[in-house]
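If you're wondering where the values come from, they're calculated on a predicted model, not measured in any experiment. Heavy atoms only: backbone and side chains are in, while hydrogens, waters and symmetry mates are out. Residue numbers start from 1 in every chain, and the chains themselves are labelled A, B, ... in the order their sequence lines are given, proteins ahead of strands.
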Amino acid sequence: MSQSLTSYLFISAALFSIGLFGVLTRRNLVAMLISLELILNSVSISFMAFNRFVFADKSLGQVFVIFIIALAAAEVSIALSLILWLHRKKGSIDIEKAKDLRG
Amino acid sequence: MMITEIVFAALVIIILTGALLAVGLKNVFYNALALILCLFGVAALFIYLNSEFLAIMEVIVYIGAISIAIIFAIMLSRPMTQKTEPENRGKVIRSAVLSALFFGVLAKVIASTAWPIASEQGDYSIKGIGKMLLSTQALPFEVISLILLIAIIGALVLSSPEDNAS
């Protein structure tokens, strides 16, 4: 089971679907951010699986996953400061209450 | 051979349970803790994919930095954890159907595609990653460093007190 490409791809697809469900249902912005992290991780898993089983150059997939991790770090820092700003301005981080961009 | 399969199955269970808890629990703080559980599982999965370096990076960056930053943000704004979201049953059902449909399509594609399996032998070492980062992938590497700089400055500007920000 740990030796086949498809099992890793199924894990990745399941993780992506769970993250998608979280982004669609949760209204708390931090919970949406957590779901987004799940989606990014599912993409990392599929990159690494393709790196082991399909790519000829075994460094390429790892370099891509490093880029994904770096982008996730940048995204989380910006998103968290935006969420804290919204929390200071509106006293709530419910996505339904952040309908206008006027602050 | 047998023990690796058992550990792999346990890892899959840990990852999927952590992901479901991270999405399903109502308290945001528990969501963050479940996310850490799921990320540990993913890091262990990277070892199965022959990349110890990425497993270490996953633990250091995702768990050590990103999850801790999320937990800090939750704790800095106390009311965030106590807000209970009113149930919207129709929305939950619609989202569940959509996600299940999406998973079904992905599973169909994965199962029906003939993947071109190449040799698993090769250079997985950190040395190879470093060489690639500074030779063929040098431009994305530099752009990433620029993006991280912009993110740091943006976060500082956004979180500075009101009179300085505008």
Between [atom1] of [X] and [atom2] of [Y], what distance do you get to the nearest 0.5 Å?
X: A:Ile39; Y: A:Ser44; atom1: CD1; atom2: OG; value: 12.0 Å
X: A:Met32; Y: B:Asn31; atom1: CE; atom2: CG; value: 13.0 Å
X: A:Ser4; Y: A:Phe53; atom1: OG; atom2: CZ; value: 6.5 Å
X: A:Leu9; Y: A:Ser46; atom1: CG; atom2: OG; value: 6.5 Å
X: A:Glu37; Y: B:Leu35; atom1: CD; atom2: CG; value: 6.5 Å

With sequence neighbours excluded, tell me which residues meet ring pair (Phe, Tyr, Trp, His ring centres under 6.0 Å) with A:Phe16.
-> B:Phe102
Answer with side chain, backbone, both or neither: which region of [X] has an atom nearer than 4.5 Å to a non-hydrogen atom of chain B?
X: A:Leu80; answer: side chain
X: A:Leu20; answer: both
X: A:Ser7; answer: side chain

For the student: nearest non-hydrogen atoms of A:Ala31 and A:Arg26, plus distance = CB-CZ, 3.7 Å
Determine, using the 4.5 Å side-chain heavy-atom cutoff (strictly less than), whether B:Phe103 and B:Leu101 are members of one ILVMFWY cluster.
-> no
Are B:Val7 and B:Leu49 grouped together when hydrophobic residues (ILVMFWY) are joined by side-chain heavy atoms under 4.5 angstrom apart?
-> yes
Side chain, backbone, both or neither: which part of [X] has a non-hydrogen atom closer than 4.5 Å to chain A?
X: B:Phe53; value: side chain
X: B:Ile110; value: both
X: B:Ala100; value: neither
X: B:Ala34; value: neither
X: B:Ala65; value: neither
X: B:Leu106; value: side chain
X: B:Tyr62; value: side chain

Could you tell me which of [options] has the largest number of non-hydrogen atom pairs under 4.5 Å with chain B?
options: A:Leu29, A:Leu60, A:Leu40, A:Leu82; answer: A:Leu60
options: A:Gly19, A:Gly22, A:Ala13; answer: A:Ala13
options: A:Ile18, A:Val76, A:Leu33; answer: A:Ile18

Quiz: residues 123-131 of chain B side-chain donor-acceptor pairs under 3.5 angstrom, not counting sequence neighbours:
from, atom 1, to, atom 2, distance (Å)
B:Asp123, OD1, B:Ser125, N, 3.2
B:Asp123, OD1, B:Ser125, OG, 2.7
B:Tyr124, OH, B:Glu120, O, 2.9
B:Ser125, OG, B:Gly128, N, 3.3

Can you pull the side chain to side chain donor-acceptor pair (under 3.5 Å) pairs that have at least one residue in residues 4-22 of chain B, sequence neighbours excluded?
->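 Listed once each, the pairs are A:Ser2-B:Glu5.
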For the pair B:Phe8 and A:Tyr8, name the ring-plane relationship: parallel under 30°, tilted 30 to 60°, perpendicular over 60°.
-> perpendicular
Under 4.5 Å, heavy atom to heavy atom, which residues of residues 39-47 of chain B contact chain A?
->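 Expected list: B:Leu39, B:Val42, B:Leu45, B:Phe46.
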